[in-house]
Number of protein chains: 2
Amino acid sequence: MAKSENQYRIVLVSVALNIFLIYNLYDKMVRKSRLSWSQSAWEEAEGVASISCSGHGRAFIDGILLQNGKPICECNACFGGPDCSQLLPNCVADADSGDPLFLEPFWMQNSARSTVVIPGWHRMSYDYSDNSYISHELENHIRKLHAVAKNAITDGRYIVFGSGSTQLLNAAVYALSMNMSSTPAKVVAEKPFYPVYKEQTEFFKSTQFEFHGDALLLKNTSFGNNVIEFVASPNNPDGNLKKGVLQGPSIKHIHDYAYYWPHYTAIPAPADEHLMIFTMSKLTGHAGSRFGWAIVKDKNVYENMLTYKSVADSGTSKDTQLRALKLIKVVVEDGDGGIFNFGYKTMKHRWEKLNHVLSSSKRFKMQEIPPAFCNFSQALKGASPAFAWLK
Amino acid sequence: MAKSENQYRIVLVSVALNIFLIYNLYDKMVRKSRLSWSQSAWEEAEGVASISCSGHGRAFIDGILLQNGKPICECNACFGGPDCSQLLPNCVADADSGDPLFLEPFWMQNSARSTVVIPGWHRMSYDYSDNSYISHELENHIRKLHAVAKNAITDGRYIVFGSGSTQLLNAAVYALSMNMSSTPAKVVAEKPFYPVYKEQTEFFKSTQFEFHGDALLLKNTSFGNNVIEFVASPNNPDGNLKKGVLQGPSIKHIHDYAYYWPHYTAIPAPADEHLMIFTMSKLTGHAGSRFGWAIVKDKNVYENMLTYKSVADSGTSKDTQLRALKLIKVVVEDGDGGIFNFGYKTMKHRWEKLNHVLSSSKRFKMQEIPPAFCNFSQALKGASPAFAWLK
């Protein structure tokens, strides 16, 4: 009987285990049948992500395909071979422009939180349900973001979106010059300035404005009331924090704050200017997404910028806005323990390395940026600019 | 012994089933741990998609949230209530503009094939690996698309991308006027024309061009060599297929083919003009994504348009390009059994209903569009325009 009892026990345990496992399988199948339409998309994305490119490149869903339909590795500059493992000989670094790929490892580490799934029928309308081109949720998160980064005041300010800061720079010139009593407005910037200010202003050949060169040349002259000054702070290319050269009630400033984030500079105080432009390219590193925003005090200027955006391209892509929301949520959630910390450490390390290399040169000298007190990290902070300005 | 044998069999079967189910569970867990980073994203997307809005609205991941964090239903025009089930009284239809939401059901039915998963680290660079702003894969698929739709010749032509056709219309005006011997170029369009041609050309106040009104007014005059004529075909708003009013070697045309798809019109022949503009808004209905493209014969004009795009906003969002690729792949795969068929049936049905309603009116008369032979469907095709032009 003891043997038989044991057998009964085994059958009982085994059947109980079966019931549990079958229920488990059934539950999974039901959930799978309910949650199924995104499966081929995420399987594709995870499959492509698992292709190894030796840490010097990446395969993409929308990349160039091999004949078997598998995407190839797209290698970073100076690397080649099927898996990007070969260092190309005599490869010269491009020191003229920058791609914020130094933040890519951060997003690889945080892929679970930063991935978006966009269904085929997502946001097909021109507008959001409030008839605007601007996602209310995203706007709210941008306000939270500046509160966390302590780099700009947004209370009582208007926010407008653009395709990167590139588009907003020109939208701002249009918006400001539309309110001027006489045109063409003189557009200026203190040297050395970001070359796009000149290129863009000249390219559009508007009767409303013209590029007028170095802001310093207008100082101590009676420049009238039709001047627009670009101020990049930290400045691209020399990394210095700047104020406008020209001052007075009639001068209009466009503050380009692309680099006014704790990765690149100490934040002495939250910025509180009339027209401030930020871009995701430098905050999260997503230059390819083309997303920027302007924070505007004057309602009239804000409305001019909205009109510009509407006439130029009927608003910023809803796909991009969804992705920006997801990325900015991660930045806000993490506060100082996330991308700001990661970005600052990486940039500071690079800056120290570059300083070390150039300190042995007798031909070149780099700009000096002294440590400064940072409102964000509540500490004295060493330099970590995105550009070196060689003399 | 017979009873004992039976017991052994039961134990054996039960244990075998145990082993099978445990293996199954283990395999799932291994796969889950390998394919895991997209899970929270697709669970979120599928969860929001399952919120019911009575067929008169939709909940979105980036929608406005309730206090419990759940997105609310965003209702279509004329509907309200928490689940959009209430028909609002005295709601007037907006007959002045259109949103291509009639294609939303097609994408709901095809969600498995049309969903994209965008990892946090996707395409962070400004450029693709060939240093352009344009996805090579997407460009290839656009060429395939026109071959399938039989609505445009792309062999030996250049393709440039923009934020919807809205941006490309202006990019084209800039690009064409840059090559003119004398400026400002006169920009014209035959009445009734799409109002954006005038608004946009006037808004940018360029020294290179100015809006000059109805193209017919220039006919039979010596208009010189500085004229740019917009030609929308089928025309927005009256749905007629059109050629340029002005002809001659010195007149430049911008062909707006937003509606030159088998949903809206018979396709008499593949278009083969110098500068042709298409938009995803009207092809797939994704107006919110802001994606359009121009097909250009002249290399110089193409390069001018690339420069415009580069100066205006440093290229079209990579997120949008990825999504456009996915959507266009579905259209190409399906050929005439997919969106073209769905779209044509829907639009034709609406047109017949509208005709029926208006046939009883003594005050209004609608335009007549006779059936025409369609190169795409190889049959005589009845009218299915996107706009009614009332007289």
Side-chain angles (χ1 to χ4, degrees), chain A residues 7 10-11 14-15 17-18 21 35 37-38 40-42 45-46 49 62 64 74 99 101 104 107-108 110-112 114-121 123-126 129 135-137 163-164 166-167 200 203 205-208 285-290 311 313-314 317-320 322-323 325, chain B residues 7 10-11 14-15 17-18 21 35 37-38 40-42 45-46 49 62 64 74 99 101 104 107-108 110-112 114-121 123-126 129 135-137 163-164 166-167 200 203 205-208 285-290 311 313-314 317-320 322-323 325:
Chain A
Q7 282 177 352
I10 292 171
V11 173
S14 178
V15 168
L17 188 62
N18 273 328
L21 289 168
L35 304 181
W37 53 262
S38 68
S40 62
W42 63 256
E46 301 227 6
D62 56 356
I64 297 162
E74 299 183 16
D99 217 8
L101 279 177
E104 199 188 62
W107 295 110
M108 299 289 294
N110 288 279
S111 46
S114 57
T115 295
V116 287
V117 171
I118 311 188
W121 39 263
R123 295 271 181 217
M124 292 178 66
S125 284
Y126 284 97
S129 56
S135 155
H136 185 72
E137 264 299 284
S163 301
T166 309
Q167 186 184 40
Q200 200 179 54
F203 181 86
K205 291 196 174 67
S206 171
T207 56
Q208 279 183 226
H286 292 82
S289 292
R290 313 308 310 127
V311 172
D313 58 13
S314 311
S317 168
K318 311 289 173 288
D319 314 334
T320 300
L322 173 60
R323 195 160 183 230
L325 174 63
Chain B
Q7 281 176 354
I10 292 171
V11 173
S14 182
V15 169
L17 191 61
N18 274 330
L21 289 167
L35 304 179
W37 52 263
S38 67
S40 62
W42 63 255
E46 301 226 6
D62 56 355
I64 297 161
E74 299 183 16
D99 218 7
L101 279 178
E104 200 187 63
W107 295 108
M108 298 290 292
N110 289 279
S111 47
S114 58
T115 295
V116 287
V117 171
I118 311 187
W121 39 264
R123 295 270 180 218
M124 292 177 66
S125 283
Y126 283 98
S129 56
S135 156
H136 186 72
E137 264 299 283
S163 301
T166 309
Q167 186 184 40
Q200 199 180 55
F203 180 86
K205 291 197 175 67
S206 171
T207 56
Q208 280 183 227
H286 293 82
S289 291
R290 312 307 310 127
V311 173
D313 59 14
S314 310
S317 168
K318 311 289 173 289
D319 313 335
T320 300
L322 173 60
R323 195 160 183 230
L325 175 63

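Only heavy atoms go into these numbers, but all of them, side chains included; no hydrogens, no water, no symmetry mates. Just so it is clear, the structure is predicted and the values come from calculations on it, not from any experiment. Proteins get letters first, then strands, A, B, ... in listed order; numbering begins at 1 in each.
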What's the shortest heavy-atom distance between [X] and [Y], and which atoms?
| X | Y | result |
| --- | --- | --- |
| A:Phe203 | B:Val311 | CB-CG1, 3.9 Å |
| A:Ser129 | B:Glu74 | OG-OE1, 3.3 Å |
| A:Ser114 | B:Gly120 | OG-CA, 3.3 Å |
| A:Glu46 | B:Ser38 | OE2-OG, 2.5 Å |

Examine distances only and state if a side-chain atom of [X] and a backbone atom of [Y] form a donor-acceptor pair shorter than 3.5 Å.
| X | Y | result |
| --- | --- | --- |
| A:Asp313 | B:Gly164 | no |
| A:Ser317 | B:Arg290 | no |
| B:Arg323 | A:Pro119 | yes |

What part of [X] gets within 4.5 angstrom of chain A, counting heavy atoms only: side chain, backbone, both, or neither?
| X | value |
| --- | --- |
| B:Leu101 | side chain |
| B:Asn110 | neither |
| B:Ile118 | both |
| B:Ser40 | side chain |

If you count heavy-atom pairs under 4.5 Å between each of A:Ala49, A:Ser125, A:Ala45 and chain B, which one has the most?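 It is A:Ser125.
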
Pairs of heavy atoms under 4.5 Å with chain B: top-ranked of A:Leu325, A:Val15, A:Leu17, A:Asp319: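 Of A:Leu325, A:Val15, A:Leu17, A:Asp319, A:Asp319 has the most heavy-atom pairs under 4.5 Å with chain B.
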
Checking side-chain polar atoms at under 3.5 Å, does A:Ser314 have a donor or acceptor matched by the opposite partner on B:Thr166?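 There is such a pair (donor and acceptor under 3.5 Å, judged by atom type) between the side chains of A:Ser314 and B:Thr166.
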
Contacts of type side chain to side chain contact (heavy atoms under 4.5 Å, CB included), residue A:Ser111, not counting sequence neighbours: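 For A:Ser111, the residues satisfying side chain to side chain contact (heavy atoms under 4.5 Å, CB included) (neighbours in sequence not counted) are A:Thr115, B:Trp37, B:Trp121.
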
Just to verify, what does B:Glu137 make a salt bridge (Lys or Arg N to Asp or Glu O under 4.0 Å) with, not counting sequence neighbours?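 B:Glu137 satisfies salt bridge (Lys or Arg N to Asp or Glu O under 4.0 Å) with no residue once adjacent residues are dropped.
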
Atom pair NZ (B:Lys205) and CD (A:Gln208), whose distance is rounded to the nearest 0.5 Å: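 Those atoms lie 4.5 Å apart.
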
Check each atom of A:Thr320 against the heavy atoms of chain B and say whether the ones under 4.5 Å are side chain, backbone, both or neither.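 Its backbone and side chain both get close to chain B.
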
Is it the backbone or the side chain of A:Leu322 that comes under 4.5 Å from a heavy atom of chain B, or both, or neither?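 The answer is both parts of A:Leu322.
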
Flag side-chain contact, heavy atom, 4.5 Å: B:Arg123 against A:Asp62: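 B:Arg123 reaches A:Asp62 side chain to side chain.
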
